[in-house]
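Let me begin by presenting the structure, written as structure tokens, before commenting on it.
Since this is a predicted model, take the numbers as computed values, not measurements. All chains are named by letter (A, B, ...) in the order of the sequence lines, taking the proteins before the strands, and each is independently numbered beginning at 1.
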Amino acid sequence: MIAQNVVFWILAVAMVLAAIGVVRSNNLVHAALYLVVVLAGSAAQFILLAAEFVAWVQVLIYIGAVIILFLFGIMLTRAPMREDLALDNDQRLAAAVVSLFLLGVLSTLLIQAFGDSKIDITGPQGSELVNNGRAGTLAESIFSTYVLPFELVSILLLASLIGAVVLARRD
Amino acid sequence: MMNFAWLIPAIPVVSFALILFFGKKMPRQGSEIGIAAIASSFVLSCIVTVQWIQRVDETVSEHGLGIVRAIGKGLLANSEEGVAITPVINTVEWFRIGTLEVAVGTQIDGLAVMMLFVVTLISLLVHIYSTSYMHGDVRYTYFYAALSLFTASMLTLVVAPNTLQLLVGWELVGLCSFMLIGHWWEEKANTNAALKAFLTTRTGDIGLMIGVIVTFFAAGQTFDIVQINVLALEGHGGHTIWMVGASCLLVGIIGKSGQFPLHTWLPDAMAGPTPVSALIHAATMVVAGVYLGARMYGVFWQGFSIADGGVNPMALVGGITILIGAALAFVQDDIKKVLAYSTISQLGYMVMGLGIGAWVGAVFHLFTHAFFKALLFLGAGSIAYSGTHHSFDMKKDMGGLRKHMPVTFWTFIIGSFALAGIFPLAGFWSKDEILATAGQGGYEIFMVVGLVGAFLTAGYMTRCVWLSFFGEYRGHAHPHESPKPIIVPLIVLAVFSVLAGLANASAFGIEKFKEYIEPHGEAFPEVLTPQFDVGLAALSFAIVVIAIGVGGFFWVDRRELRALKGLTDRSGTAKAGHSFLMNKYYLDHLYERGIVGGIKGPIARAAYWLNQNVIDGVVNAAGRGSAALGRLTYRFVDQDVVDKAVNSIAQETGNVGGLLRYVQSGRVQRYALMLFGAVGVLALSLVIFS
Amino acid sequence: MNWFQDWALTLSIFLPAVGMVIILLIPRAKENAIKLVALLTSLVTLGVGIGILADFDYSNTGVMQFRVNDSWIDLIQARYHLGVDGISLPMLILSMLVTVLCIVYSWNHFPEPHNPKGLLALILLLEVGMNGTFLAEDLILFFVFFEIVLLPMFFMIGVWGGPNREYASIKFFLFTLFGSALMLLGFLALFFLAGTFQIPALTAKAGIDIAHNTQNLIFLGLFLGFAIKVPMFPFHTWLPDAHTEAPTVGSVLLAAVLLKLGAYGFIRIALPTLPHAAETWAPWIGLLAVVGIIYGALCCLAQTDMKRLIAFSSVSHMGFVMLGIATLTAFGINAAIFGMVAHGLITGMLFFVAGSVQHNYGTRELSRLGGLLTSAPKMGWILGFCVMASLGLPGLAGFWGEFPAVLSAYQPAPGLDVTTFRIFMVVAAVGTVLAAGYLLWMYQRVAFGTPKPEFAEAHIHDVSKIEWLAWSPMLIGIVVFGIYPEAIFGITNGAVMKLYGG
Amino acid sequence: MNPGWDFHALAPLIVIVITIVVVLFADFFFEYRGRFRTSQFATFGVLAAMVPVVTLAVDGGTRVMFGGAIVVDPYALTMQGFFLVATYITLLISVDYIGDGDYYQGEFYVLMLTSLLGMLVMTTARDMISIFVALETISIPTFVLAGWRKHDRKSNEASIKYYLIGVISSALMLYGMSLVFGLTGSTLLSEISTKVASIDEPLLIVAVFLTLVGFAFKVSAVPFHFWAPDTYEGAPTPVTAYLSVASKAGGFVALLTIVYFGFFDAPDTWQPVIWVLAAASMLLGNLAALRQTNIVRMLAYSSIAQGGFLLVPFAVAADGGAAKASFEAVIIYLLIYGAMNLGAFAVVITLARRTKSAEIESYAGLGSYAPWLALLMSAFMFSLAGVPPFAGWFAKFVMFRSVLEAGTPAATVLGVIAAVSSVIAFFYYARVAREMWFHSVREGADASPVQMPIALTFAMGVCGVIVLAVGVYPQAFAFLGDFAAGG
Amino acid sequence: MILAQFLVLAAVLFCIGVYGVLARRNGVLVLMSVELMLNAVNINLIAFSAYLRETSGQVFALFVITIAAAEVGVGLAIVLLIYRNISSPDLDQLDQMSG
């Protein structure tokens with residue numbers, strides 16, 4: 001348990017720092033790379049929580065696709081690949097206040113509600129958990145209960161593709 | 001015929017419609033329709049009158065009281081076996097509200113037949129008179145239409161068996177009065193007078209209206225006059241409510257019959273054509289108030305406790321009106337104004353008469369006054385028509401007309417004497433009846449008022465006659481006698497002025513009026529029948545004669561002396577004569593400042609000033625004031641408060657709309673900021689408040 | 001006549017709608033066809049009205065006749081429920097008649113901008129709403145018809161009105177919309193507490209299951225809705241603006257029929273369904289009524305515009321109607337209904353004449369008018385006649401609305417404070433004098449005297465044939481009802497006794 | 001593994017999917033000139049989808065599929081019918097707009113149909129995941145559609161604003177949903193509903209609140225409305241019409257579903273939120289609309305305000321016996337709102353083709369040269385204002401009815417706010433009518449008759465007929481409301 | 001491990017994302033911040049899924065990931081489009097419409 005906690009905290013600190021990097025970096029590409037750290041950290045956390053399949057999907061889709069998309073976006077908008085002090089707007093302070101306020105409210109309530117709830121990933125329950133995270137289990141769930149949204153997502157992705165192409169196309 | 005009395009007002013209604021729609025196409029422009037109609041109504045009225053008299057006679061003889069009747073003295077009313085001579089009432093249902101049925105119809109009794117006779121007769125005479133007087137008028141046809149409508153309305157009022165019908169007639173005669181006063185509406189002054197007349201009487205009508213309402217409920221929800229009178233005399237529901245009712249009705253009387261303090265419209269009403277003044281503003285419409293008093297006598301009897309003597313509002317109003325009317329008549333130069341104030345004063349007699357229990361006297365005075373006052377007005381009209389080129393100014397345009405217009409002069413003299421109360425003319429008997437009742441019924445003070453009034457009446461009439469007919473002609477026309485249509489009515493009226501008084505010449509034991517006109521029965525109180533008082537009669541006669549003498553002396557001498565003075569001036573000043581003249585002048589001064597002057601000068605002038613500036617001022621100011629109040633209300637309350645409140649709400653909402661637009665800055669991240677801010681705040685407050 | 005019994009009311013509501021549709025389909029250029037269709041439609045509708053008059057059972061005026069009761073909106077239990085009784089019959093006929101006369105009058109009096117198609121279509125639409133309101137026996141149906149009236153009037157004022165028309169039209173609409181919103185809340189509350197929208201059922205229940213305070217609240221909502229429409233002081237400020245700016249026929253319809261919808265609502269809905277609350281509120285209604293009488297009259301005295309003066313006189317006159325209603329007695333309600341009919345005819349006529357005066361002189365400024373009797377004697381006489389009728393001269397219709405209302409205030413329904421109402425009575429009676437004052441004053445300035453120099457040479461048309469045609473029914477009505485009030489009372493009394501006879 | 005496919009129940013979805021594919025391929029195969037046919041395929045497909053909806057409705061009953069995640073019941077069918085008709089009318093008013101401009105045609109219809117597909121799924125979804133996916137399926141194509149006028153900066157702006165606010169709203173919603181999932185242990189509404197009442201955690205309130213945020217964005221409830229005016233103004237007008245009607249209705253359907261089938265038994269969690277949203281939307285929407293000079297922007301605020309009115313029944317749904325009445329009220333209001341708002345946009349589009357302006361002032365004198373158009377527009381405006389005999393009155397009526405049915409003080413206050421707001425609203429609706437009828441044509445403006453394309457005319461006519469017919473005979477829609485609420 | 005530590009981590013990431021959305025002017029960066037928020041949601045879902053032993057949380061997370069990808073695709077397309085038109089990816093230059 002301790003080991004997992006140590007891993008968690010290391011990952012957590014790294015993720016938070018990287019996240020701050022995403023929103024504070026003065027370099028677009030750096031920001032994107034920080035985002036990779038956050039997303040990869042998340043994937044690691046997922047594994048920590050025995051959500052193996054999701055973790056892989058996270059890595060594949062997020063790091064493999066979304067970040068690439070971002071990098072393309074950065075390139076296509078001809079953003080300078082260097083320090084750019086004009087990346088922030090004039091409402092940083094207000095933004096900070098609002099987000100801290102939100103954080104305060106949320107974390108208070110979260111701790112109040114789940115402060116002493118333990119996640120047990122050892123023993124028989126742990127194996128159930130691991131089983132839950134397997135692709136097969138998830139597939140069973142998706143193709144029984146969530147088949148309609150699944151089909152819908154496919155059409156949505158198609159439509160997004162078409163839409164993105166229409167918008168991004170030079171004409 | 002009494003069952004068909006409805007024809008009497010109906011005929012003029014038809015005539016009105018006919019004249020209105022076809023008058024202009026008739027050879028004589030509609031006047032013939034009017035005259036024919038009124039003549040038929042008159043004939044029918046006479047028939048009804050005769051039938052009524054027969055009915056009274058029959059009823060009495062049936063009860064074997066013929067002999068007693070011959071002796072008279074009101075035994076019928078007081079008799080144990082008192083016979084109620086019920087009025088002949090014919091009604092049809094008019095409408096129904098709730099459970100109440102309101103009828104319309106005719107009520108024929110002594111009072112009604114008397115009024116029918118007077119109204120139709122005078123109306124007929126005025127119709128005839130007007131064919132000449134109004135000849136060539138721009139609105140000749142319309143004038144006849146209005147006369148017909150007036151007659152119809154007045155007759156409707158007269159025969160009304162219930163207060164509602166009475167109210168209808170009452171208002172309609174007011175309308176006709178308005179139309180006819182404003183007959184020459186091109187002039188602002190005339191229309192002002194018409195408005196004033198209508199509004200003033202309508203102010204009084206508030207009283208009448210409420211009075212009708214109060215008596216309606218006091219008598220257990222009925223408009224029926226007989227029933228109201230009966231219940232009033234019983235004191236049904238207590239005395240107070242009847243007092244309230246009577247007071248309200250009195251206000252109506254004050255407005256319509258030109259009583260103090262709402263009398264000011266009547267002199268102004270002289271702006272109308274003279275025949276109208278004679279018919280409406282002297283003989284008939286203005287006595288509607290008195291008629292109402294007489295008609296609803298039970299209410300007043302109960303409400304003002306007339307039997308108790310002393311002072312009551314009705315008598316007081318009448319008394320004051322006698323004096324102020326007469327005093328004001330002294331200072332008028334316009335002959336019609338003199339007669340108007342005289343009318344006010346005489347109406348005061350009638351109202352006072354009713355107030356002191358002299359029902360017979362008041363109604364009798366109404367009867368006689370109608371003839372001689374109509375006569376005087378028509379006489380004045382005759383003067384203006386043939387003598388002064390349509391002027392009524394005695395000082396500027398008259399004088400010495402007796403030579404040029406003998407018939408007018410003599411009839412006018414008869415009228416004046418009748419008005420002044422010279423024995424044995426009509427006015428003497430009726431006035432005496434009132435005064436006698438006052439003396440014997442516990443209203444001595446009003447007897448004195450009456451006598452003073454008689455004195456003043458004689459005085460101003462002397463002045464009036466003198467200024468018009470004696471001395472030298474001061475006008476610029478070519479005076480001549482009036483044509484026949486004018487003369488004949490004058491003569492007829494003169495005859496009535498002489499003879500009408502004999503109908504109830506109590507001194508000779510003739511009490512026809514009491515016998516036939518006074519109601520008998522439970523709907524009528526036991527009024528006092530005064531004994532003829534020779535002393536009082538002599539006193540009043542003496543007062544009249546003295547007044548004529550004093551007045552005559554003053555004016556006659558003055559005129560003569562002025563002529564003399566001119567003579568001496570021309571002959572070059574004789575000293576002896578001069579001192580005599582001077583003496584005469586001292587005497588003049590004495591008179592002027594003493595007896596006559598005391599009246600004519602300070603008192604009358606003060607009264608006139610008061611009248612014009614205070615009472616009339618109040619009346620006018622009420623009009624102006626309400627207009628001003630209207631403007632204030634409109635400007636500051638309606639436009640500023642009520643309306644602005646509404647508008648500013650609209651404006652404010654608009655402003656808020658503008659303010660809110662700042663939020664919508666157009667920058668998406670500002671939106672997001674507000675969104676997250678709202679989420680945070682909402683989340684926190686939801687958690688806290690739940 | 002069974003067929004007629006079943007369809008008469010539906011026809012009288014929807015025939016005008018059919019006419020309107022036909023008019024909308026005719027090209028605008030074919031003016032004569034449009035006019036003809038409009039006239040025919042309104043005449044046929046009036047014919048239906050006459051049929052109802054003929055077929056009406058006068059011995060049972062308290063009973064709803066020609067009843068139609070079909071399903072309409074099942075979800076909310078609102079029904080297509082129509083009926084006519086002695087209270088609604090006179091109002092229905094008035095509305096039908098005035099519509100015909102307005103169309104006749106419009107024949108050659110179309111206001112600018114010239115668009116007969118639009119104006120006539122709106123008049124017919126207005127008739128749909130008016131007739132429907134008087135016939136509805138279901139609260140929701142009533143509400144819908146009550147509201148339908150707004151739109152045509154809004155457009156009539158806004159399109160054909162005077163210089164300040166936009167302001168006036170918006171104000172008119174907002175006031176009445178606000179009122180009806182509250183009224184609708186009242187209706188709904190009634191529904192939830194009494195379980196039905198049917199007026200007869202609600203009347204039969206008379207609010208017995210509803211707590212007194214709740215009744216009072218509901219009544220307040222209804223009161224505001226109706227009082228704004230009447231309009232009672234202090235909700236009247238839309239009226240002078242609307243009247244002043246509206247074209248002639250708009251003013252006539254507004255005065256003759258629209259104002260009656262509110263008072264009718266009181267008589268038909270507010271008082272019978274919530275008698276106890278009515279008792280609580282009656283003194284306040286009475287108070288506002290008499291304040292309105294005096295206030296309206298005072299405002300009249302301050303006017304310089306003929307139409308605006310007549311408009312304020314409506315405030316005053318409707319005060320009498322409301323006073324009669326406030327007494328809650330059969331007498332007062334009868335008087336109120338009579339007053340409504342009389343006011344409809346008389347004030348309608350006054351607006352007609354004012355319209356023709358403006359048509360002739362191009363102004364309604366009293367200071368510029370004068371000598372109408374010289375320039376156009378017939379019109380002058382008609383104006384005088386209407387003035388006399390309006391000031392409540394007995395023998396003309398106005399009196400029978402005014403006097404019995406004042407009379408009924410002497411003894412209001414049991415439970416109401418007698419002293420209060422007697423004070424109202426006296427104040428109202430004073431109002432009659434003020435009425436005479438402002439009306440005669442107006443008449444003096446318009447009709448008496450000689451024409452002002454600026455119009456001395458002008459050719460003033462006297463009453464034209466069209467005008468005679470449009471006016472004479474109203475003039476005759478004023479006289480006939482004045483002389484023979486039973487013509488109205490005879491119809492209303494039975495119905496009023498049934499509702500308020502207790 | 002039988003997931004419980006019921007092809008009859010899913011037939012409307014299948015038809016739309018087929019249509020999407022057909023349109024997509026048709027776009028490939030037709031020459032540029034023939035592309036307009038894609039619109040015909042699309043409209044035909046939408047109409048075809050109506051058939052199974054009707055047969056299902058006639059068939060009656062409730063079809064539960066996929067472990068309760070998908071349910072086809074009268075409510076779903078009613079709303080499917082609504083979405084199909086609304087989309088059909090939107091397609092009609094798009095045809096000429098899209099055809100005239102140099103826009104991608106086939107893609108436009110594909111995206112619109114995808115969005116429609118999301119709506120259809122939304123009606124049947126009884127599970128948070130399905131609702132989320134359906135909501136995104138409704139939204140994402142419309143993000144793109146809002147920017148369809150690619151070279152118009154306003155359109156770009158419309159798109160990015162809509163997108164960004166949409167995305168962060170969904171993030172908030174997802175966050176909320178994750179918490180709901182954590183607290184209740186399920187994503188199925190049927191299971192959530194059995195548990196919510198017993199959870200006594202303040203976190204639940206925030207969880208539900210955040211969940212509702214996503215829908216609040218969709219229905220542009222204040223303070224999640226910021227995108228709406230700008231997006232409405234900038235987006236191609238047919239898209240705006242679609243956003244203001246179909247897409248908004250999608251949000252309401254989601255709200256109905258999640259409130260009625262999920263959180264209903266824990267009213268403390270959602271009622272206050274919706275109360276605040278409703279009140280704020282009505283007041284702010286109406287007040288802000290007063291100041292608008294651009295008709296589309298005015299309609300945007302108007303639809304925010306209308307959204308507020310639509311939220312009123314939600315806010316009182318759990319009080320007293322108002323549950324059914326509120327449900328019916330929302331459905332009926334939506335149906336009526338759809339007709340009148342689409343109608344209004346159809347007129348705006350018809351006129352914009354001519355005046356090239358969306359300023360209200362450009363409507364001056366319309367009554368004189370295009371009376372029918374002005375008449376229709378007036379009808380839609382007054383209907384939106386809630387004036388009989390147009391359908392809007394009944395929408396407001398059922399709304400007030402639910403308020404009074406609830407009868408609580410909070411409900412009453414909301415009712416009064418609603419009443420006051422509806423009176424304020426009259427100002428700006430009437431302003432359009434005033435401009436059209438009371439004012440004369442502006443100097444230099446073209447006053448020749450307006451050209452009316454068939455599709456637009458038909459769309460306006462349908463909306464006009466509905467607005468008038470339902471206004472006169474509201475039972476037509478009341479019946480549907482009743483049907484949806486389960487009889 | 002306790003559940004709350006994951007949840008708080010998620011909350012922190014979420015709020016950092018919020019800050020980024022609010023304070024970044026570059027469109028691409030704003031999109032990245034959104035991804036932070038969505039990622040936080042996923043952490044929540046997975047943590048709850050583990051805590052509750054309920055698969056549906058993970059399914060939910062999968063859908064979130066997929067749709068986030070779709071969103072990013074569209075979002076970047078829009079940013080690109082704007083960039084084409086105004087030659088800048090800055091969001092605060094887009095304030096043509098307001099009020």
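In the model, D:Glu136 has a side-chain atom that pairs as donor or acceptor with a side-chain atom of D:Ser170 under 3.5 Å. Between the side chains of D:Tyr162 and D:Asp230, not a single donor N or O lies within less than 3.5 Å of an accepting N or O. When only modelled atom types and interatomic distance are considered, D:Asp152 and D:Ser155 share no side-chain donor-acceptor pair under 3.5 Å. Using modelled atom types, one finds a donor on one side chain and an acceptor on the other under 3.5 Å when comparing D:Ser139 with D:Lys218.
If you measure heavy-atom distances from E:Phe60 to chain D, the contacts under 4.5 Å come from both the backbone and the side chain. Contacts between E:Leu52 and chain D at a heavy-atom distance below 4.5 Å involve the side chain alone, from C-beta outward. Contact annotation for D:Leu172: both backbone and side-chain heavy atoms come within less than 4.5 Å of a heavy atom of chain E. For E:Val18, no part lies near chain D; criterion is any non-hydrogen pair under 4.5 Å. Interface remark: D:Tyr163 contributes side-chain atoms only to the contact with chain E (heavy atom separation under 4.5 Å). Using a 4.5 Å cut-off between heavy atoms, E:Val64 contacts chain D through both its backbone and its side chain. Interface remark: E:Leu3 contributes no atoms to any contact with chain D (heavy atom separation under 4.5 Å). With a 4.5 angstrom heavy-atom cutoff, E:Leu81 touches chain D via backbone and side-chain atoms both. Using a 4.5 Å cut-off between heavy atoms, E:Ala11 touches chain D through backbone and side chain atoms alike.
The aromatic rings of D:His225 and D:Tyr301 lie tilted to each other, with the angle between the two planes from 30° to 60°. Below 30°, between 30° and 60°, or above 60°: for D:Phe217 and D:Trp227 the angle between ring planes is between 30° and 60°, a tilted geometry.
D:Ser281 contributes a side-chain N or O that, together with a main-chain N or O of D:Val222, makes up a donor-acceptor pair within less than 3.5 Å.
For the options D:Ile168, D:Asn294, D:Val144, heavy-atom pairs under 4.5 Å to chain E are most numerous at D:Ile168. In terms of heavy-atom pairs under 4.5 Å with chain E, the best-connected choice from D:Thr137, D:Ile160, D:Thr187 is D:Ile160.
Atom CG in D:Asn156 sits 9.0 Å away from atom CD1 in E:Ile78 (nearest 0.5 Å).
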